[in-house]
Structure formats: structure tokens, C-alpha cells
Enquirer: 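The structure is given below, and queries will be raised subsequently.
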Amino acid sequence: MLRTSLKSSSYRRSRALVQRLLPQIQYAYINTRSESKTLAQSAVAVSPVSRLLEPLKSERTESNAKHSISKLTQKSFSEIEQTEFTAPAAERQPGYYSSKGDNVIRQPFAREINYLKSLMESFVSDQYYEKAYPLLKTLSGLVTPEEFTKFANIYLEALVQDEKVSVRELEQVIDKMQRECHFESNNRTRALRLTKYLETDPKFDLDEFFRIPKIEDIRSTLSNVDIIGVDNLYTIFDHPKAQTWIPSELKESYHEYDLNKNKEIVEDTKKLQEKDGSIRSLEKDDLSELEAVDSFGLQIVRHSLLGLEASPDKIAVFTSDIKEIIKDMTNEESKQKITSGKLNYFEMYQLLETQEQRDQFNHALANFNLDRQKQMEIRGVEGAKEKWKHEYEETKKRDSIMSTKNLNAQLYEWYQKLVPLLQKERQECLDLIDDKATNQKSSENKERAVYAPFFVKIDPEKAAMTTILEVMKLQSTGGISNGMRALTALQSVGKALEYDYITQKLSKKDLKRTQTSKHKGSRLLLNLVRNAAEGDPNEDFGWSQDISIRLGAVFVSFLMEVAKVRVSRHTVETEQSAFFHSIQYIGGQRIGAIKLHSDLVKSINRSSLDSCVQPQHMPMPVKPKDWDGYYGRGQVMSPLVRVRDSPETAAYVKTAARNGNLDQVYAGLNVLGNTAWTVNKDIFKVISHYWNTGKEFLDIPGVLDKPILPPKPERSDDPSIKYKYRKLVTQLKSEFSTMRSQRCDANYKLEIARAFIGEKLYFPHNLDFRGRAYPISPHFNHLGGDMTRSLFLFWDGKELGERGLRWLKIQLANLYGFDKAPFDERVKFVEDNLQNVFESAKNPYSEDAWWKKADKPWQALGVCFDLRRAYKLPDPTKYVSHMAVHQDGTCNGLQHYAALGGDLEGAQQVNLARADRPQDVYAYVAGIVRELLEKDAQKNNKYALFLKDKINRKVVKPTVMTNVYGVTYIGALAQVRKQLEDYFPDNQRDSLQEHARYLTTHVFAAIRQLFENAHLIQDWLGESARRISKSVSIDYKESDNVALHSSAVIWTTPLNLPCVQPYRKGTSESLKTAVQTLTINRIDGAGMVDGRKQVAGFPPNFVHSLDATHMMMTAAACGERGLKFASVHDSFWTHAADVDTMNEQIREQFVKLHSSNLISLLKEEFEIRYKDNYQLIKISSKHPLVKSIKELKQQWTKQLNRPITLGDELYMERTRLEFLNSDDPQKIKAAQDMVTTIKLAHEYEGEIEDVNDRGTYEILIPLKFPEVPPKGEFDVNRVKDSLYFFS
Amino acid sequence: MSLRSFNPAFKQLFADRKPMRLHIHEMLNPHTVQQVLDGMRLKKLYPDGSKLDIIECNPGNGVFSSMVNYDLKPRNHILIESRTKLQQHWKKDLQALQGITGNKENFTLYPRDPYDWQTYLDLTDKDKIIQPVTKSYDQVHDELLLIANWCYDRGEKIVAQWIGCCGDRNWLQKYGKVRVICMAPSKTVSKFLSEPGFGKRNRTAMKRELFTDSKLLAIIANSANLPGEGYDPRVLIRDQPVAAYDNSIPKSTEMGIFEFYPSGMTTDAIAEMEYLLSPMYMNRSTPLRQILPKIVSGGEGMAESLPHDLLDRSPREFTTEDILAIAHAYDKWPFKPDYVDTIQLDEIDESQF
DNA sequence: CCTCTATCTACTGATATAAGTAATAGAGAATTC
DNA sequence: CAATTCTCTACCGACAATATCAGTAGATAGGAC
């Protein structure tokens, strides 16, 4: 990053130079106006001079104020109060990102505004109005008046909600704001005032209040229902003029209210069931005692999900619900079982007989889980704490001195020490805010002031837990042994604290407006108000990155201060810090790290950490609310798209959301999120068994103590030996630590799985910036490896039927690795092995069980269990299966490329066309390579002779796969070399290299040959991206903050999701925290794009956005047909019984997607989006254009008395176009006569070629895109008949 | 000034070709080289050329090579050169030289990478082009001389390692106190030669002081610059290096020439705590007391066995005695971590195939 | 009271950090060697 | 400018350098008139 900062600094320098020069010149011009002419004047003598001058004049605004505004986010509230930050009006005007025409707004000072807003909200919610006011005032200096009104209303809203604030005070504040901040009130402000009047002034006269405003304004005022609240609206409804006042969206509620008002409503008496013998699901504790052996690692957190305990009255309700549901069941035995209290929810559910019962059960469970989820959020970590405490007390009973032997006891000790420290600090913060601190100006307090307003919001006890859990969870991440990157640690602690704060805030939310004492009234209105009170899902909330990091640092530093471990060596024993901050040197750069004491790490390895309790990392026991905006509703706080800190991506998605363009995206995502799962208990048992042996088994690493290292070399050994030793040793250690973290990770997953046995769970999904969907809960989800995937079952079951049984068998064959044969053979494979299948299911633990040899053994075992159960029935097709059957695209990226390019042969090889057997593109490419080598071999090429018999699918597979991602020659070379390694002994490295080089070229050639058109498309995408990322906006000015190349590649998927490639070169900023000064690479929405990444990333990203689109379309289509659907990018899952339907949809939707010429559409989209952009190209200096352009520039140079810049050229063209598009005939005429460099190039009739040679001259031309390459002959409709397209 | 060391046989050879610049900077002006050689008085140190083997790394265009060769008239003069273009030149030149002088200069081109340790092993053990004798560490090896040009940015790394080799007495230093005459950017040389307390004093400078005897020989600057900026003044005064100008050295990269060879000191103690020294010197102006807890688990405890005045000083100020004191304290410290825990991981690149 | 200077502070940019480069090879970006 | 040197090399999920010091601009204080 050093390089980047250097680059940008030199860039800044040169820009500063320009800025210094420009004003002088312009002043000179202004003073001698009569003598000299501006550029534009000379070109258009008749144009109104003042207008042409205006933009140039404003260019010299480089105020100090602006400079210090960027420092604002580092200042504390009190410093902000004392300093004036005001931006000139021009700089407050919104800009744009990559494209002028997209109407996506780039808010200037966005970070500063966000910071002020967070600060203000923080103060205001604790009634520190006088502290908040200066912040509001500062805000008024940074935003446009309309924007300011929004912030002012937030402030006023708090005043209105505060009962201690009187109407008069409110009006005074509004007055003051108008005087001092140029506050312009709007109808929301009026709604705020109205509410205050209604609630405090018994003599308030509505008529009078609404006398002056126009009727539209009154209506608009009243539509702020979230402010006014239900009860106040009722009051208004009671007014005789209500009917005319209320806005249209309230009409219905009004009528409902009016109707109910006149009816005598008998209040429903609560019918809470008596608590006779409540049925509770089998306690997790019992299960753990039943099934878990606490020997090696897999330690059960007692109450690991304690929060999943519901409150007693809810249990009662649930119990009675179930009793009601099973009342009509015919099977008495099942009934008995359900009420026995020995079944988990999933087992109960499976016993139900009718769909109606199941629906009712689901409904009851949903209500029940809603409460449990809430409990989990409120008391999530409580369980862990209780456990720590318990072990702490036990240990203490045994030993008088604490030792590191028991990790949990150790954690509790830290917790106990940490809490009082945090409480004390919180008090200090409070004192500081209340101006009661003893030494308000001390440097300590100065630093404290930065975080104090946020620190006071945090509950010390909960935060202590959060801090410990987060830090412990991160041990050995980020390539640091026994520790973690400081940035990662501070950020995750900060984020976790923020999460705690937000959930706490939500649970305490002022319910006044959304509740009513009236039993009668309008349910409609109530819903309306509640919805409105949830807030705008497109509005940011929470803290900025800086705030949470700084806060995280404070907590971490306290933890580091108190956390100690007892260490003993030989006879010496002492207490040492458990954590220490250290700087490491990794890959040429210094990295700040928080390291754990090595003894502590050993202790962790012995006992494996159970840190999972935090609900934000869990799947959800309740169905996630549907997506309807940028941020999720309810428990899901994540954004719709993971934006990788790119403000531009976020802005584009938000705009799309606001414009209502994302309904299809929501639809797809909601299908994914609504798929309910449960944990496969049978598989869990088997995994658990092998886990507890502590030995390595399949993909589970065994328990490892420490890596075994060879003896150290002597001091005087040759450096080469020492080097090799060091390399070996680091490799051993790194392998060891990956194994360890794999085991740790698996432990984590299994713990969550255990907690969810018998539970219903959901995965809300969101998207990456290309539109691919990912579950939000990070650890335990169906995207995991074989073991994790095997743990999932659909909550709902479906009867197999003939086809389903067949698909289940195919699924098993696929998982076993027998997936390259036709379906019938796959079925036969399983049928031939049916005894093995049954045997595996019956006795999975046997030494050489059949399932263990499968490609994906755990999932295969899952199918074995299912098949065995099915075949136990007299008719296996009647079996109700919960298995997910997968249909995988064969090389999905290439499938899309083949469809785009229409390569006949290529399409066939990736199964786009019907074939009797599944085609294997890798084998086919290997075949082509073999042919090529054969030809060379005949020419006696020694490489060909050696290699021709060694080419198989395995050798080419990596390269074919990564080819879609744009692998370069050198990257592919490494892959091929790895594949060939075995043929060459160590001392023939050179030979290996030569053979690999030779082969790589031919593999590339073969792929290119097979997917010729596809490659032309790949090239087209790359070239377009290159042109975009090297283009210049017409508004470019050297003096501006917008970089020369500031346009990123943006496209819209067929589902209207805007995709913005987030690759820009950032500037590194430093952030001082309590732990260290962090260097954060921040990207500016108008910063320079990273051309290389834009170009390299676009082809794969575009294709991925297509496969994501295909998946979402299929998801939505399957959802509409009542199918359960899940996906892992190019692997689509549903019930065995529904595979046929899904397959049909997979093909339908693919054809639908590719029936239009997507590349042509993309080109059109680009042409609109980048119509205001110009390309900088190099043409030969001998080109005829050069002469005329140079001449024109010389002419201008003379008139302006300075060299012409790119900005000048663009300014002239901008002016010309402006005139051309005006209504003034004089101007139009002037524009027609005006000559600019760009016009010259644009109107040049001959060839203009971008040459990359010496002797060139750079000119600007309008951005054009290359012609779309012609499509091949393949007809995409043939996909519909393809059997193995997805299989 | 006379070009005493200029071999007339090279006159034509140099005239025939345009000197090329390939990554590593070098002196191309014979007058500059002459000045430097005059200052070095090598003939006094190696009076008997018939017993002397010279190994020269990155001879480049050969101005320095030819002149030092003419000065010392060695028995062998090995030119280790890996840049293919220069290899071709040398091949041609040596052929021509064969015709002119019968190569009485005893040049041998060894077209290998001077960066690679294996090159030196092969030179002496496999190809047996020279077979140096092992001499005692009592005095400087008078039959083997190493000359190297690492005057470019990435050269610093290898110079640091070569200095390290003096402490370990391995690589070519296994043969005895072999003098290394090393050309490197002044940025590097001034760092590695700084004395305790100087701003640029770093780990390698400390190791250099502890394990080698060294001397700054010359500073060659572009004539646009003033030579010698950034060096520890104590070193300049002590060593009185030749200051010369050569415009083949770019303005941005001044060249420093220094010599080093193993001192009497060798010990395992420093290698044992190398992993501590590295982070220690990252905060080299922080007092040791504050650094100790930041470099190893429980490091704060080591303070007990160290004198206060040492704890209050920073690594930049440490003398070799200080370092040895710390090494001693570390050796006695009961809480030394396992070797495994001292290994730093570098980036893990997980390839899927 | 005002202005001027001395001193201090805050801010910026430059530099050092480590100490096998790692087996390649060609294009593109960044310097100016 | 054109020549030369440096950088990077497969997409996404899951990104990420830091401490110190010298020099400078700006702020403050202080002292004299």
C-alpha cells in the first residue's frame, strides 16, 4: 500500500500545483478582461460572456474550511462545537459517480454527515439536546437546505417524543433553527408540531392549526403517521373536518374507525390456557447427556442457545396449541409420543397426519419461535456467562489459585475484572458529557470525548461478554499465529457492540405511537403506523466504521489490561498478560496484531472454545421478513448487497430500491429465505461419534498437539540449507494451524447444529455485488463443505413417488462420484449397491463401510439413511423424504459463455444440447490437446512426444475451470506445472518448467478453439471495460476532486439489479485508536478507478451476474410452483419429488434469460450510461488529425497564455454541447460554428486507431464500444431438451 | 589524473560497445574508479596476486572489474553475472581478450545468479572453478576476495544476509575472514554502517557491528548531488571515504562502497533471539521497557533481569554489549516460548487444485 | 491597544521496516533509475 | 516525451501497513510600545 499512497500523493501534489497556478491566471484574466479573451469567447464571439466565465471562476474555490472538514470525523463533539465547519454552497451540491446520466447521487461529505448524524442521534436519545444542537448547526453548514430539513426533523422528533419538553420550547427551538441554521420547515415538521400540540395542549384547536396551510399540505402532514401515532390520529379522525383533511392512504383506516366507533365492541376476554402438563420439546441438555461424550473437544455448552428457551406463558400457549392440533389425529401412538415430551419439534412435526395439522403446527411453532428468538437476542450471551461462572466456581472450590487449566473459568475471571473497569469508564464518559469531569481539557479526556457519546450507550456487562467472545473467536486468523490482525479484532468487536446497541435500542423503542388503549378503532391504521415506524429500509442506521472501530479499540484495550494468565515453568510461577499488542512483518508490510499468550493458546487447543452464542451469527428460528429495501427488516440488519466498502455500489442499489426496481430480486431472495430446514439428527450422531474419537476421519482433522519439526540446522550450515529449513518449518506450522482452525471451525458448526437439532431454521440471504446469493449467517449454512451440507434436511417432507425415488438414487450416485454416466446407469449403480447402501445406513460405524469411500461421504450417508427408510416401507415411493436433491450445472460459467457465443461444439460439450450421455468438457479439451500434441509429435517435438500420452482430464481441469475467471498464462502455467510435477524428479525442475510452458500454450489453444465465439465475447467484455475505465467524464476539471478516470463498469442484470464493480484506488488514512493507529485504505466514490482490476474482473463478474440471475429466476419460478428451493450458485436443490419440475424450470428460465441478445443489450446500456464520457486514445503523430488538433490547441494556448489541459478541452466541448442543446438560436448558431478538439476528432471521417507504439499523440474522442461479435449457430432453445444441462 | 589501473587491452573493448544500464547501477567512468581504487590501496592488502582469487558479483559492464583486476593481477577472477545480455558481452570480450593478451587477466565468466547461494556451492564444490583454502579467523583471508555490486533497490536484502553470514561463519565466510567489497545504494550503506544512537541504526547495523569489521571506502554521487548525505558523521570522520562523482550513477541513487569481513565474534545467542530482535527494531526509538511486552508472551517479565539504564534506552541506542546483555538475560529467562511459537507465518495461499 | 516575534502544536510527507526473489515472461502502469 | 523500471499475474464470499520524524504552516502567547 505504500505504493498506492505514494502514487496518490504525487498525484495530489501535481493537482495542487495546477490549483495554485489556475487562480493566478484567472485573476489575470479578470483584471484584463477588455484585452484578452477566454477560450470560449474566442470560439464563440456572440455568446453571453458571463455564462461562459462562470464555471471557470468557481474553479478557484479552494477554501481552508474544506480542508478541515475532512478532519471532522476525527474530532470529538466538543471540538466540533468549538470549530466552524462550513462548506461553500457549491460544494454541497451532490455529484455523481461513474455516470452523469444514471441519476445516482454522490453526497459530498457523506462520511462527515453520517458522523454528525450518529453523534446527534446519540445525544438526542439521552435528552442532551443542548449538546446535539451544535452538531445540527454544523450539519447545516455541510448540506443543502432540503437535506438539512431531514436532519432537523430528527432532532425535533426527539423533542416531540420527550414529554418534558413543552410546546413553547419546541417552537422556540424551531425559531432558533430558522435563525441560525437556515432551517426550512416542511410538512413533517408540521406533523411534529401538531403531535406536540395534541399531546400537551388540551385547548388545542385543530381548525386553527390547519387554517392557513393548503389542503395538500395538510394531507401531506397527516401522512407522517409514524410521528403522529395511532391515538392522535384517532383524535383527528374524530374532528368533523377529518374527512377532508386525511390523505388518501388513510381513507380506508378512517372508514374502518368510523364504522367501529359506532359499534359496541365486546372486549375479548383473554383465553389463556391453564398450564396442565405443558409439553416441552426435549431439552437440549438431556440430548447432550444422551449423545455427547465430553472427552475430546466437542464440549457442550449447556444452554448453548439458552435464548431458545421461551418464556413460561409462551410455552403454555404453544402446548395448548399442539394439543388442539393433535386432537383429531387417528394414530393414538403418535399422539402419545407427541405428548410424551420426549420428541423434538421436528419429530413431532413428522408424526402429524394431515396438511392442515402441519399448517397449524407450523403456525404455532412460528409464534412460539418468535418469542424464543427475542429471548435469544436479549439474553443470548447470558448462557455462556452462566456456564463460565459455574466452571469458575467449581475450579475455585478445587484449587485455591486459578490456573489456566480451565479456560471458561479463566474467561469468567477476566469478565469479572473487566466489568467494573468498563463501568468506571462509562461513568467517566458520563461525567465528561455532563461537563462534570475534573479535568475536562486533559489529553486523556480529549481522547475520551471522541468515543464518550457512544460508550455511554453500551451496557458494560453485556459488552464485557461480547468483547471476550469476539476476541477469543478470532484467535489465529488473518495469517497470524496465536493472534489476529488488530484491525480485524477492533472491527469485529466494534461491530458486535454496535449490534448489541441496535438490538437493545430496538427492544426499548418508544412504543407510544404504535400502541393504543382503544380496543375498537382501526386495525388497518395500527398496521400502517407500525410499518411506518419501522423506518425506511433504504436509510442508513447505526455507527460509521470509524466509530465502531474506535469503540472496539477502547474495549479491547481494557480487556488487554485486565486479562492475565498464570504461567509456570519449572519451579517459577508468575502472572503474565494474556494478550499483547505487537507489530508483525508479513509479506513486506507491517501488520498490527493482537497476540494471545502462547500458554493461553495451548489451553484453547485443549478445550476448544464454545463461543457461538451470538445470535447475529446464527440461522434464524423464525422466517425472515421479506426483503423490501436496501436493509433487511426485523432481525436481518444486513444490507441487500454486500458492498465491500464501496459507497458507489451501495448508492446504486439504494437508488434502484427507492425506484422500486428490485421486486424480482426480492422475490428470488425471499424464496431462498423462506426455505425451512432442520438438522439431520442421524448424521449428527455419526459425525459426533467420529469427532469424539479425536482422530482424523475423512475431512475432519484429528486433535493435534503441536507440529513435529525436523531438527534445526547448525549455525554454520549453508544459508541455502537454513532457508530450506525455514521454509519447511513455516509450511509445517501453517499446515498445522490450518488443520487446527479447521477442527475449530468444525467444532463451531457442530455446536450450532446440536443446538438446532429438532428445530426449524431459516437462512436469510443477501447478495454479493454481482447478485450471487449467500446466506447471511456465516458459519453454519448449506454452502459449507460435505460435512456441513450433510447436516441439513428440509423441514417439510415430500412423498417420493416413482420419479422422486429415482432422483434420490441419482443423487446418491452423484455424491458417490459416479456422476459421468447416463441417469439410467447411475440408478443402476445405486440399485446394484443397494445392499451396501442399507448396510451403510444400518451400521455406519463399521470399519470399511461403503459410504466412507464416496466422493462426498457424509452427504452420501445421509441419502443411505433415507433410502433405507424408504425401502423399509412396503412401497418405497410412498416414503416422505426431507432430503435435498442437487442438480448441478456442468461448468456453469462456460454454459453461459457458450449460450452467449453460440459455439456449437462448445455448447454440446457443456451439455447445452441433448445427448445420450453427459458430456465432459474437461475430457473433451484434453482430447483436443492430445490431438494438437500428436501433430507436434509427428514433427518430432520432444515435449509433445513426452507429454502426448500423459494428457487427461485431470491435467486440464484447473485451467479450463479458471479460464472463465480470466486466468493468465502465468497462472495456468503454475497449475499445469503442478499437474506434471509427478513426472519429473526434483533435479529436473528446468525440464518440468519447459514442458509445462509448452503444454500450457496448447491447453489455452484448445480452450480457445472449442469456445471461439465465447472468447470473442470475453474479449469484447474486456475491451469494453478497458475503454470505460480509461474514459474521462465531460465534466472533468483538473481542479476538481473527481479523478481523471473515475468511471467504473456498471451494468444492470435482467432482474434490474445494478452491478457496480467496486475496484477503485483508495487513499490511505490513519485512524488513531486506543490500541494502535490503524491505516485504513478508503475508497472515494469519485476516486480513480483501478483499471486493471476493472478489466480483469468484468468478464467473470458479468457472467456471474448472469448465472446469479438464472438462479434467482429459477428460484422465483420454483417458489411460485410451491417448491422448496435452495442453491449454491450453480447447484440447485429441491425435494426429490420435485426435481423434474425444477429441472424444467432450470431450462425454461435459462432459455428465457438467453433468448435476448444480452451482449447487444449490454452495449446499448453502456452507450446510454457512458454517453457523457470520452476516450483518451493514442494515435500516430503522423495522423492527419494531429495537425489540426495541435493547431487549435496552439491557438487557444496563445489566447489563454497557458498550456491547454484536458479539462480545458472538455470544457470547450461541454460549452459547445450546452449551446447546441439550448433554445437560443444564436447560441445554436454559435455552437455550430465553434470548433473543439473533440469535435474535430468526432467528425473526422477516416480511420482513428488506438495505437500502442511510440511516436503517438493523445486525443479525446467520444466513448464508443466495439461491435458485438457475431453469435455462433447454436440455438439456445435446444437447452430445453438437454438431459444433462443440470444434472 | 593518470589512469594507473586501466588495462589498455580493454580500451578497444569498451570503445566497441555502448554501456548498457540493466537494473543495477555501476560506475562507468574509469576516472572515478581510479579515484576509488587509489583510496582503497588494495595492492597493500593483497600483494601477491598469484595466490589471490577474486569472486566478483554483477561485474556489469566491467569498468571496475577490469581496473581492479589490473591492480591486483589475481590468479583467478571469477565474474558471476546472470544478466543474459551482459553474459553475451563478456563472452565476446573474453574471447577478444584471449586474442589480445591471452587472458593473462585470468577472467572466468560464471554465468549464474549471484543472488543464489547454490551458485557459490557449485562454483567451489561442483564445478571446482576455484577451491579456496580455509584459513584461521585470526587474520583476513589473503587468498580470497569478494567484490559485489548490489547497487539497486533490491540489493539491500542480499547485503543484509551477507552480513548475517559473517556472524554464522557460513557461505564464503566459512573459509575464514573473507573481505567483501560491496557496492550498494547509499541509502543501504548509510543504514548498515550507522553506529549506536544514529537515526538509521537498525538490526543489520547492530549485527554488522557485532559480527564484522567494516569500513566505508567510498561514496560515488551524481555530480548534481553532494555526496555523503545521510551517513552517520562518525563513520565519515572515522573512515575518511573517497568522495567521487560519476554521472552514470543516477541522481536518485547515490552509491556507497564499503568493506566488511567477519570479526572475532560468533555466537548462537543472537540467532536464538532473532525473532525478538525483529519486532524490537520495528519500534527502535521506544525504550526497551515498553517494547518487551510487545514482542513475546510474558516479555514484560524479562525486565527483572536487566539493568535499569538498559531498559530505559531504545534499540537504536544499543551497543553490541547491550545486545549481548539482552541475549544473556534471554538465555536465562525461564519463559522462553517453544520454537514453534516463534515461527512467523507468511501469507497462506490456498490453491484449490 | 496593536503589532510583531518567539514558541508551540498540528499536520503532512517521507522513510524505514525485513533480510530469499520464488519456479516463471509479458503486458501495462509508473517513473525518470 | 520516450525509455526504462516496476508490478502483477483467477472471480466472488472473506479486503485492510504502521511508527516515527523532520519540516512547515498556523496558532498562541508574550512582550514592547
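Because only heavy atoms are used, hydrogens play no part in the values below, and waters and symmetry mates are left out as well, while side chains stay in. Being a predicted model, the structure only gives us computed values, none of them experimental. Order of the sequence lines fixes the chain letters, A, B, ..., with proteins taken first and strands second; residue numbering starts at 1 for each chain.
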Enquirer: Between A:Gln993 and B:Pro114, who's closer to the 5' end of DNA chain C by nearest nucleotide?
Expert: B:Pro114
Enquirer: By nearest atom, which of the nucleotides D:dC12, C:dA19, D:dA19 is closest to the B:Gln161 side chain?
Expert: C:dA19
Enquirer: Measure from CZ on B:Phe198 to P on C:dA16 and round the result to the nearest Å.
Expert: 10 Å
Enquirer: Evaluate side-chain contact (heavy atoms from CB on, under 4.5 Å) for B:Glu26 paired with B:Met183, printing each intermediate quantity in order.
Expert: CA-CA 8 Å; B:Glu26 58 179 301; B:Met183 299 173 230; over 6 Å; no
Enquirer: Would you say B:Glu229 has more than 12 foreign heavy atoms packed within less than 6.0 Å of its CD?
Expert: no
Enquirer: Whether the side chain of A:Asp645 and the base of D:dC15 hold a donor-acceptor pair under 3.5 Å is what I'd like checked.
Expert: yes
Enquirer: How about A:Trp1051 and A:Phe1098: are their ring centroids closer than 6.0 Å?
Expert: yes
Enquirer: Using a cut-off of 4.0 Å on non-hydrogen atoms, how would the nucleic acid contact of B:Arg154 be classed: base, sugar-phosphate, or nothing?
Expert: base
Enquirer: Can you identify which nucleotide, out of D:dG13, D:dA19, C:dA19, has its nearest atom closest to the A:Arg590 side chain?
Expert: D:dA19
Enquirer: Side chain of A:Gln1076 only, please: which of D:dC21, D:dA19, C:dG20 is the nearest?
Expert: D:dA19
Enquirer: Using atom P in both nucleotides, what's the gap between D:dT5 and C:dC33 to the nearest angstrom?
Expert: 11 Å
Enquirer: Atom NE2 of A:His765 and atom P of D:dG13: how far apart are they, to the nearest Å?
Expert: 16 Å
Enquirer: Could you give all pairs that pass the salt bridge (charged side-chain N to carboxylate O under 4.0 Å, His left out) test and reach residues 152-166 of chain B, with sequence neighbours left out?
Expert: B:Glu156-B:Lys191
Enquirer: A:Tyr774 or A:Leu487: which one's nearest nucleotide on DNA chain D is closer to the 5' end?
Expert: A:Tyr774
Enquirer: Pick the P atom in D:dC12 and in C:dG20, then give their distance to the nearest Å.
Expert: 33 Å
Enquirer: Determine the interplanar angle of the A:Tyr1063 and A:Phe769 rings, folded into 0 to 90°, and report it as parallel if under 30°, tilted if 30 to 60°, perpendicular if over 60°.
Expert: perpendicular
Enquirer: With side-chain contact (heavy atoms from CB on, under 4.5 Å) as the criterion, how do A:Ile480 and A:Ile586 come out once you've worked through the C-alpha distance, each side chain's angles and the decisive distance to 0.1 Å?
Expert: CA-CA 9 Å; A:Ile480 287 156; A:Ile586 294 177; 3.9 Å; yes
Enquirer: Can you tell me which stems DNA chain D forms, taking runs of 3 or more consecutive Watson-Crick or G-U pairs with both distances under 3.5 Å?
Expert: C:4-17 with D:17-30, C:25-32 with D:2-9
Enquirer: Looking only at side-chain atoms of B:Thr204, point me to the closest of C:dA19, D:dC12, D:dC6.
Expert: C:dA19
Enquirer: So A:Thr1077, base contact, sugar-phosphate only, or nothing? Heavy-atom distance under 4.0 Å.
Expert: sugar-phosphate
Enquirer: How many whole angstroms separate atom CG of A:Asn963 from atom P of D:dT9?
Expert: 17 Å
Enquirer: So A:Gly1097, base contact, sugar-phosphate only, or nothing? Heavy-atom distance under 4.0 Å.
Expert: nothing
Enquirer: How many angstroms lie between atom CZ of B:Arg316 and atom CG of B:Asn202, to the nearest 0.5 angstrom?
Expert: 11.5 Å
Enquirer: Counting heavy atoms from C-beta on, name the nucleotide in D:dC21, D:dA16, D:dC12 closest to the side chain of A:Arg485.
Expert: D:dA16
Enquirer: Check the phosphate of C:dT17 against B:Lys191, side-chain N and O only, distance under 4.0 Å to OP1 or OP2. Yes or no?
Expert: yes
Enquirer: When the nearest nucleotide of DNA chain C is assigned to A:Leu973 and to B:Tyr115 on a heavy-atom basis, which residue is associated with the more 5' position?
Expert: B:Tyr115
Enquirer: Could you tell me the separation between the CG atom of A:Leu487 and the CG atom of A:Leu1078, rounded to the nearest 0.5 Å?
Expert: 5.5 Å
Enquirer: Just compare C:dA29, C:dC11, D:dA17 and give me whichever is closest to any side-chain atom of A:Lys75.
Expert: C:dC11
Enquirer: Suppose you measure atom P in D:dA17 against the same atom in D:dT9; what distance do you get, rounded to whole Å?
Expert: 15 Å
Enquirer: Looking at the side chain of A:Asn1101, which of C:dT21, D:dC12, D:dA10 is the nearest nucleotide?
Expert: D:dC12
Enquirer: Would you mind classifying the nucleic acid contact of A:Leu783 as base, sugar-phosphate or nothing, using non-hydrogen atoms under 4.0 angstrom?
Expert: nothing
Enquirer: May I have the distance from A:Tyr1063 (atom OH) to D:dC15 (atom P), rounded to whole angstrom?
Expert: 13 Å
Enquirer: Rounded to whole angstroms, how far apart are CG on A:Asp1130 and P on D:dC11?
Expert: 18 Å
Enquirer: Provide, to the nearest angstrom, the distance between the CE atom belonging to B:Met282 and the P atom belonging to D:dT20.
Expert: 13 Å
Enquirer: Report yes if the ring of B:Trp117 lies under 5.5 Å from the six-membered base ring of C:dG20 with planes under 30°, and no otherwise.
Expert: yes
Enquirer: Please answer whether the main-chain N or O of B:Gln290 pairs with a side-chain N or O of B:Thr286 as donor and acceptor at a distance below 3.5 Å.
Expert: no
Enquirer: Using whole Å, what does the distance between atom P of nucleotide C:dT17 and atom CD1 of A:Ile591 come to?
Expert: 17 Å
Enquirer: Please report the distance separating the C1' of D:dC15 from the corresponding atom of D:dC11, rounded so that it comes out in whole Å.
Expert: 14 Å
Enquirer: OP1, OP2 of C:dT17 versus side-chain N and O of B:Ser278: anything below 4.0 Å?
Expert: no
Enquirer: Which nucleotide, if any, forms a Watson-Crick or G-U wobble pair with C:dG20, using both distances under 3.5 Å?
Expert: none
Enquirer: Any ion pair linking A:Arg1082 and A:Asp645 (charged N to carboxylate O, less than 4.0 Å)?
Expert: no
Enquirer: Roughly how many Å apart are D:dA27 and D:dA32, using the P atom of each and rounding to a whole number?
Expert: 25 Å
Enquirer: Considering every strand and a 4.0 Å limit on heavy-atom distances, what is the contact class for A:Lys1178: base, sugar-phosphate, or nothing?
Expert: nothing
Enquirer: Provide the distance between the two C1' atoms, one in C:dA29 and one in D:dC1, to the nearest whole Å.
Expert: 16 Å
Enquirer: Classify A:Asp990 by what it touches in the nucleic acid, base, sugar-phosphate, or nothing, heavy-atom distance under 4.0 Å.
Expert: nothing
Enquirer: Please determine, for the side chain of B:Tyr281, which listed nucleotide (C:dA18, C:dC33, C:dA19) has the closest atom?
Expert: C:dA18
Enquirer: Can you tell me how the ring of A:His765 sits relative to the ring of A:His782, calling it parallel under 30°, perpendicular over 60° and tilted otherwise?
Expert: tilted
Enquirer: Describe the nucleic acid contact of A:Arg997 in one word from base, sugar-phosphate, nothing, applying a heavy-atom distance below 4.0 Å.
Expert: sugar-phosphate
Enquirer: Look at A:Lys978 together with A:Glu981 and state whether they make a salt bridge at an N to O cut-off of under 4.0 Å.
Expert: no
Enquirer: For the P atoms, the ones on C:dA14 and on C:dT32, what distance do you get once it is rounded to whole angstrom?
Expert: 12 Å
Enquirer: Taking the nucleotide of DNA chain D with the closest heavy atom to each, which residue, B:Arg284 or A:Arg1092, is nearer the 5' end?
Expert: A:Arg1092
Enquirer: Would you say the base of C:dA19 and the side-chain of B:Glu156 have a donor-acceptor pair closer than 3.5 Å?
Expert: yes
Enquirer: Could you work out which one of D:dT18, C:dT21, D:dA10 sits closest to the side chain of B:Tyr152?
Expert: C:dT21
Enquirer: Ignoring backbone atoms, test whether A:Lys71 places a side-chain nitrogen or oxygen under 4.0 Å from the OP1 or OP2 oxygen of C:dT12.
Expert: yes
Enquirer: Can you tell me how far P in C:dC11 sits from the matching atom in C:dG28, rounded to whole Å?
Expert: 43 Å
Enquirer: Could you state the atom-to-atom distance from CZ of A:Arg1082 to P of D:dA16 in whole Å?
Expert: 16 Å
Enquirer: Of the listed nucleotides (D:dG13, C:dA16, C:dA10), which one gets closest to any side-chain atom of B:Lys187?
Expert: C:dA16
